[in-house]
> 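I am attaching a structure below and will ask some questions about it afterwards.
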Amino acid sequence: MAIAKLSLGNIRFEKEQLDEVLLKIQEFDEFHLEPASKFTESVAGIGVFSKENPYEELCLQLEDIQSKYNFDLKDREIDSKIHIIKEKEYVASFVKDLEALEDVKEQLEMVIEENKEAIIQLTHVSEMDINFDDLFSCKYLQIRFGKIPLNNLEKIQYYQSLPFTFTEFDRDKSHLWCMYASSPGYAPEVDNVFSSLYFERIRIPEFVHGNPLLAIAEMEEETNAARGHVTNLKKRMNDLLENNRDHLEKVYSRAKHLNDVYGMQKNIIDLDGRLSIYGFVEVKKEKQLKTILESIPKVQVVLTPATSDARLDPPTKLTSNWFVDPFKMFVEMYGVPGYNEIDPTVFVALSYTLLFGIMFGDMGQGLLLSLFGYFAYKKWNMQLGLVGVRLGISSMIFGFVYGSVFGNEEILVPIFHTMDSSNTMTLLIMAVGLGVCFILIAMLFSIYLNFKQKNYGDAYFSQNGLCGFIFYTSALFLAGTSVLGYSFMNPVTILLGLVIPIIGVFLKEPLTHKLEGKIMFPHGFGAFFMEGFFELFEVCLSFVTNTMSFLRVGGFVLSHAGMMLVVYTLAEMVGGAGYWVVLVLGNLFVMGLEGLIVGIQVLRLEFYEMFSRYYKGNGKPFVNVKEN
C-alpha cells in the first residue's frame, strides 16, 4: 500500500447553479470535502451557505414508517423523473391512511388488554354468588375490586374504625384477590387507606351483566371479536404497505439522495454572490473532476498542490494491495499515517507475517489456522480472518523448515531442528540479528521522513537519526567482529563510529536550535547538561533493551516445540484411544493459547520497537462524498 498523491480542488459557481453542482459532485464521489468553517473563521465577510433543506422532512417521514411498521425500504436506482415536492402530498396521504388503521388497532388492543385483566379478576370471584347488575345499581355503596399484597393483609386491622367491609375471594403466592365496599361519603378516605396498602384496583367493565361466569363468557366473546378485528386490520395495513412498496422505495431513494446532496451545505462558502467549495482529489482523477464540473457553464475548477493552503491538512488516501490490505487494521489501531508520512502497511505485513511464522512454525496447525481464517472471513466478513490466512501460510512454511506437523517431528525431515541443544544459540543469534535488521530499517524510515519533512535536527542528531544510526551500526559491528576474533577497535573507529555520533545525540537540542537560528542554550548550559546526561543514558540503555527484545522470537520457537513435546508425552502416558483425544485437544489448546500470545507479542514488537522510531499516525483518512 502507498499514500495516493492528492491535489487541492476549489470549485467556484453561482448560487443558481447550486443544485446542479452538488449533484455533479455527488455523482463524481471521489472528492474529500473540507468544511466551510475552516475558511470563514480566518476571513472576514464570508460565511457558510445555508438554505432550507426541502427533503429532510420527507426522509424522516419515510424512515419513521420503516421503524414503526418494521417495513424495510431498499435502495433503488435513482429515478430523476420523480418530482419529490409533489410526492410529499402522496406520502402525507399514505401516512394518514396508515395511521387511521393504526389508531383503530391500538384502541382494540387496549380493549383486549383491559378485558384480559378483568377476566383474571372475575375468575377469582367466579365461585361467589354475585350479581353485577345488583352491585352496579347500588346507590349507597361504593365497591372496589382488586388485589393486595399478602404481606400488607395484616395491616388492614389498623383501620377497623373506618366503615368498610372487606371480602376475600382468592389468593396466590403473593397477592390476595378481594373486594371492599363503603358508603359514598367515606369512599375517598377508604380508598386512600387501601392505596397505602398497595391495593391494585381492577375495573369491571360497565357492560358486564349477571353473575361472574356469565360476565366472563361475555368478555371472552368480545375479546375474541376484537382479536379478529385486529388481525384483519394488520392484514389491511400490510397490504397497504406492500401495494405501495415499489413507489415508496423509488420516492425514498430519490429523497435520500437529494437530502445527502443538501447535506453538503456545510462545505459551501458564501462569497457574497458566488459560492465556493474546497476539497481534495487524487491527482490521477483531477482531469475527470474538471471535465465533469466544467461541463456546467461558468463553473470554475482550480487545482493546486495538496499542501498549498496552510489552513488545511491534506487527508490520507491509501491505495490497496490484496496481500497487505488486511494488515491495514493494525496500522489504523496505532493511527492513520499523515499525508507526508510513509504508509508502513507493507512493512507491517511482511514483518508480522515473517515473525509470526518463525514463532509459530507448524505445518498442520498453520493449515488449520488458514482454513479457520478463511471460514471466518467468508462467514462473518472478519478482516482478521484474512490476516489468519496469511499467517497460517507463513506458519506452514516454517513448519516445513522445522519438520513439524501438529508437533510431530518424525513425519518430515527438519531443515533446522529447534529442540537440538546445539542449535539453541544459533536460533537466539538469528532472532537478535533479525531484530537488528528491523530496527535499522525503522531508523532509515525515520531519517528519510525527517529529511522529507525538513526536520533537520531530528534527521541529523536524534537517536533515530543519522548520529543514532551510525552509533548503533558501529557498536554492533565492533562488538560482532570482536566476538568473531576480528578486532577493528582502534582510536579512529571508536572516535568516528561511537564518540562523535553519541556527542551528536547528546547535543541534539542545542544543535537543532543552531540550525534554526536560535540560541543554543536558552536555559543555560548547566541545566541542559544535567537533563541531557540522563537522557543520553536512557538512549544507550534503550538501544540494548530494544535489541534484546527480539530474543523473545527465538524463545517462542523453543516454547512452541516444548509445549508440543509435553502434549505428546501426556498422550503416550494415557495411551489407547485416549492418545488421540489428548493429541487433538492438546493441539487445539496450543493453537488457541500460543497463537493468541504470539500474535500479541508480534504486535508489541511492531508498535514499540519499530513504530515508535518513525511513525506518528496523526493523519486523517480520506472520506469520499457519500461517506461524509
Side-chain angles (χ1 to χ4, degrees), residues 334-335 337-338 340-342 344 432-433 435-483 487-552 604-618:
Y334 200 91
N340 287 325
E341 279 192 276
I342 288 176
V432 172
V436 167
C437 291
F438 285 141
I439 290 173
L440 289 175
I441 291 171
M443 292 173 80
L444 288 173
F445 279 158
S446 171
I447 294 168
Y448 169 75
L449 276 173
N450 280 315
F451 274 118
K452 184 181 177 184
Q453 295 168 358
K454 300 182 180 177
N455 298 324
Y456 296 117
D458 287 332
Y460 286 120
F461 308 118
S462 75
Q463 69 179 96
N464 295 310
L466 273 175
C467 285
F469 184 83
I470 294 170
F471 174 80
Y472 186 57
T473 50
S474 300
L476 290 170
F477 175 75
L478 293 175
T481 51
S482 295
V483 170
S487 179
F488 289 89
M489 287 275 191
N490 58 62
V492 176
T493 55
I494 293 173
L495 181 67
L496 295 178
L498 299 177
V499 177
I500 293 177
I502 202 65
I503 289 175
V505 173
F506 177 68
L507 296 173
K508 171 185 169 284
E509 188 178 333
L511 289 175
T512 303
H513 288 165
K514 182 70 177 175
L515 287 176
E516 294 172 352
K518 300 177 183 175
I519 300 172
M520 289 182 70
F521 302 101
H523 305 294
F525 181 78
F528 159 75
F529 182 83
M530 290 304 295
E531 185 180 342
F533 177 79
F534 288 109
E535 284 183 2
L536 185 64
F537 179 74
E538 186 181 341
V539 166
C540 294
L541 192 62
S542 69
F543 276 131
V544 178
T545 55
N546 292 158
T547 306
M548 291 300 107
S549 280
F550 284 88
L551 275 174
R552 72 188 68 212
R604 182 201 170 280
L605 290 172
E606 293 284 349
F607 283 177
Y608 289 98
E609 311 304 346
M610 290 181 263
F611 271 29
S612 60
R613 295 183 182 278
Y614 69 95
Y615 188 61
K616 294 177 182 172
N618 294 329

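The structure displayed is predicted, hence computed values, not measured ones.
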> Using residues 473-480 as the side-chain source, report each donor-acceptor pair under 3.5 Å to any protein atom, sequence neighbours left out, with the distance given to one decimal.
residue	atom	partner	partner atom	Å
Thr473	OG1	Phe469	O	2.8
Thr473	OG1	Ile470	O	3.1
Ser474	OG	Ile470	O	2.6
Ser474	OG	Gly497	O	3.2

> Please determine if Lys508 and Glu535 form a salt bridge, counting it only when a charged side-chain N lies under 4.0 Å from a carboxylate O.
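Salt bridge flag = no for Glu535 with Lys508.
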> Does a donor on one side chain sit under 3.5 Å from an acceptor on the other, for Ser549 and Asn546?
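No, because no side-chain N or O of Ser549 sits under 3.5 Å from a partner of the opposite role on Asn546.
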> Taking everything shown except Leu541 itself, do over 12 heavy atoms lie less than 6.0 Å from its CG?
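Correct, the count exceeds 12.
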> List the steps, then state whether side-chain hydrogen bond (donor to acceptor under 3.5 Å, both in side chains) holds for Gln453 with Asn340.
CA-CA 7 Å; Gln453 295 168 358; Asn340 287 325; over 6 Å; no
> Would Ile439 and Phe543 satisfy side chain to side chain contact (heavy atoms under 4.5 Å, CB included), going step by step from the backbone distance to the final call?
CA-CA 10 Å; Ile439 290 173; Phe543 276 131; 5.8 Å; no
> How far does OH of Tyr456 sit from CZ of Phe461, to the nearest 0.5 angstrom?
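It comes to 13.0 Å.
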> How long is the gap from OH on Tyr614 to CD1 on Ile447, to the nearest 0.5 Å?
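The distance works out to 13.5 Å.
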> Quick check: does any side chain N or O of Asn490 sit under 3.5 Å from a backbone N or O of Thr493, one acting as donor and the other as acceptor?
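Yes; judged by distance alone, with no hydrogens or angles, the pair exists.
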> Does Glu538 CD have over 12 foreign heavy atoms under 6.0 Å away?
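Counting other residues, nucleotides and ligands, CD of Glu538 stays at 12 neighbours or fewer.
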> Is it true that Thr512 and Tyr460 share a donor-acceptor pair across their side chains at a distance under 3.5 Å?
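Tyr460 vs Thr512: no donor-acceptor pair found between side chains.
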> Going by the angle between their ring planes, with limits at 30° and 60°, are Tyr334 and Tyr615 parallel, tilted or perpendicular?
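Taking Tyr615 first and then Tyr334, their aromatic rings sit tilted (interplane angle of 30° to 60°).
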> Between Pro510 and Phe528, which heavy-atom pair has the shortest distance, and what is it?
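Scanning both residues completely, I find the closest heavy atoms to be CD-CE1, 3.4 Å.
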> Is the number of heavy atoms from other residues, nucleotides or ligands under 6.0 Å of Lys616 NZ greater than 12?
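No, not enclosed.
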> Are there over 12 heavy-atom neighbours, none belonging to Tyr448, within less than 6.0 Å of that residue's OH?
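No - once you tally the heavy atoms of other residues, nucleotides and ligands closer than 6.0 Å, there are 12 at most.
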> Evaluate the side chain to side chain contact (heavy atoms under 4.5 Å, CB included) criterion for residues Tyr472 and Val436: first the C-alpha distance (whole Å), next the side-chain angles of each, then the deciding distance (0.1 Å), finally the verdict.
CA-CA 9 Å; Tyr472 186 57; Val436 167; 3.6 Å; yes
> Could you grab the distance from atom CG of Leu449 to atom CZ of Arg613, nearest 0.5 Å is fine?
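Leu449 CG to Arg613 CZ: 14.5 Å, rounded to 0.5 Å.
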> Just by distance, do the side chain of Gln463 and the backbone of Val505 share a donor-acceptor pair under 3.5 Å?
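Pair absent, no side-chain N/O of Gln463 close to backbone of Val505.
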